Amino acid sequence: LNKVEEKELTPLQEALSQLIRRLQRKDPSAFFSFPMTDLIAPGYSTIIKRPMDFGAMKEKVKNEYYESPEELKVDFRIMCENAMIYNKPETIYHKAARKLLLSGMKILRPERLESLRQSIE
Ligand SMILES: CC(=O)c1cc(-c2ccccn2)c2ncccn12
């Protein structure tokens, strides 16, 4: 290990990081990379009770917050649903969120998470 203690990732952290990489490829405009601010989204913090973004998910993986891939799936769904709540249906953000949710649910489908969990037990 070099001076700055480089922590090895656990198998779960490796698997979750790979899932996030796959999910982020479905957000080419990076609409979901960073938390919303009331500056770019007026009233966001009063309307959305559980803000979530890919950066926050990566931080939770790093801090070993997630104990299973299913917990990551919950945050992913919240992130997409937040955008479909805050943004009107005709906006690019609402449409991007709906599309991202659909493609994400394929990546995170139960069978895949099952076999992933078995592979790291
Ligand atoms: C995801 C979302 O709700 C969102 C992302 C963005 C956004 C805006 C610029 C760059 C990246 N993401 C945004 N802007 C205004 C209102 C809502 N949004």
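Order of listing sets the numbers, starting from 1, for every ligand and every atom in it. Fair warning: this is a prediction, and the values are worked out from it, not measured in the lab.
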Counting heavy atoms not belonging to Glu67, are there more than 12 under 6.0 Å from its CD? no
For atom CD1 of Ile92, decide whether the heavy atoms of other residues, nucleotides or ligands shown that lie under 6.0 angstrom number more than 12. yes
Test of understanding: given a 4.0 Å heavy-atom threshold, classify the contact between Phe32 and ligand 1 as side chain, backbone, both, or neither.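 Side chain only; the backbone of Phe32 stays clear of ligand 1.
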Is it the side chain (CB and beyond), the backbone, both or neither of Ser29 that lies under 4.0 Å from ligand 1, heavy atoms counted? neither
In ligand 1, the atoms that come under 4.0 Å of a heavy atom of Ile40 are 15 (C), 16 (C)
At less than 4.0 angstrom from any non-hydrogen atom of Asn87, what atoms of ligand 1 do you find? 2 (C), 3 (O), 16 (C), 17 (C)
Closest protein heavy atom to [atom], given as residue, atom name and distance to 0.1 Å:
atom: atom 10 (C) of ligand 1; answer: Phe31 CD2, 4.6 Å
atom: atom 11 (C) of ligand 1; answer: Ala30 O, 3.7 Å
atom: atom 9 (C) of ligand 1; answer: Tyr93 OH, 4.3 Å
atom: atom 18 (N) of ligand 1; answer: Met36 SD, 3.4 Å

Salt-bridge present ([X], [Y]; N to O < 4.0 Å):
X: Glu90; Y: Lys88; result: no
X: Lys60; Y: Glu71; result: no
X: Lys73; Y: Glu70; result: no

Without swapping roles, check the side chain of Asn63 against the backbone of Tyr65 for a donor-acceptor pair under 3.5 Å. no
